[in-house]
Amino acid sequence: MTLQEAIQELRALEAQKNDISAQMSDEMRKIFESHDAVHVLFACGTTIEDEIAAHVWMVFGTTAKLSEMHHAVANREHRTVLSGIGHFKLLNIWIGCLPRIFTILAKCLRMKKRFPLEELSRLKELSLCDLRYEYGIVV
């Protein structure tokens with residue numbers, strides 16, 4: 001399966017819940033495509049714990065720019081979801097995820113190189129197995 005096919009499969013599952021991509025600007029669509037690629041490459045689901053894991057993978061396992069990530073998490077829908085969870089509960093979820101976060105950090109240190117999100121359009125046509133092997137991604 002190619003990275004593009006895996007992203008489409010993830011989006012098909014998410015579209016059943018809520019598809020906001022039609023309402024996004026081209027810039028936001030590109031950022032969310034990178035985020036979706038991280039979910040697929042690093043085998044993260046869509047639970048809140050998996051979202052936290054995807055953010056950690058994105059920061060330490062890819063070439064993502066923190067400013068772009070901040071722009072994505074600062075959007076209104078993302079803030080609404082987080083406020084619905086509540087700060088105290090979200091903090092507890094983060095604390096509960098610490099063992100997983102440390103495991104992800106260790107795996108990032110063992111990667112051959114960071115995944116270049118700026119080359120995503122070219123890399124989407126390659127298979128997930130080949131990409132994981134090339135970059136040393138262990139899920």
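- Residues meeting the salt bridge (charged side-chain N to carboxylate O under 4.0 Å, His left out) test with Lys113, sequence neighbours left out: Glu134.
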*Under the side chain to side chain contact (heavy atoms under 4.5 Å, CB included) rule, what do Thr62 and Arg114 come out as? Steps first, then yes or no, please.*
CA-CA 5 Å; Thr62 74; Arg114 288 178 161 210; 5.5 Å; no
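- Between Val56 and the options Ile104, Val38, Thr103, a side chain to side chain contact (heavy atoms under 4.5 Å, CB included) holds for only Ile104.
- Side-chain contact annotation: Glu118 with Thr63, donor-acceptor N/O pair under 3.5 Å present.
- Within the structure, ring pair (Phe, Tyr, Trp, His ring centres under 6.0 Å) pairs that include any residue of residues 88-115 comprise Phe115-Tyr135 (at least two apart or interchain).
- You'll find the side chain of Tyr133 reaches within 4.5 Å of the side chain of Lys112, heavy atoms only.
- Cation-pi geometry between Lys107 and Phe60 is not met at under 6.0 angstrom from the ring centre and within 45 degrees of the axis.
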*Taking it one step at a time, do Leu90 and Ile48 satisfy side chain to side chain contact (heavy atoms under 4.5 Å, CB included)?*
CA-CA 9 Å; Leu90 189 59; Ile48 187 69; 4.2 Å; yes
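- Looking at Leu10 and Thr46, their side chains come closer than 4.5 Å, going by heavy atoms from C-beta outward.
- Taking all atoms of both residues into account, the shortest heavy-atom contact from Val40 to Leu128 is CG1-CD2, 3.5 Å.
- Heavy atoms from other residues, nucleotides or ligands lying under 6.0 Å from NZ of Lys124 number more than 12.
- Residues forming a ring-ring contact (aromatic ring centres under 6.0 Å, His included) with His39 (at least two apart in sequence, or on another chain): His35.
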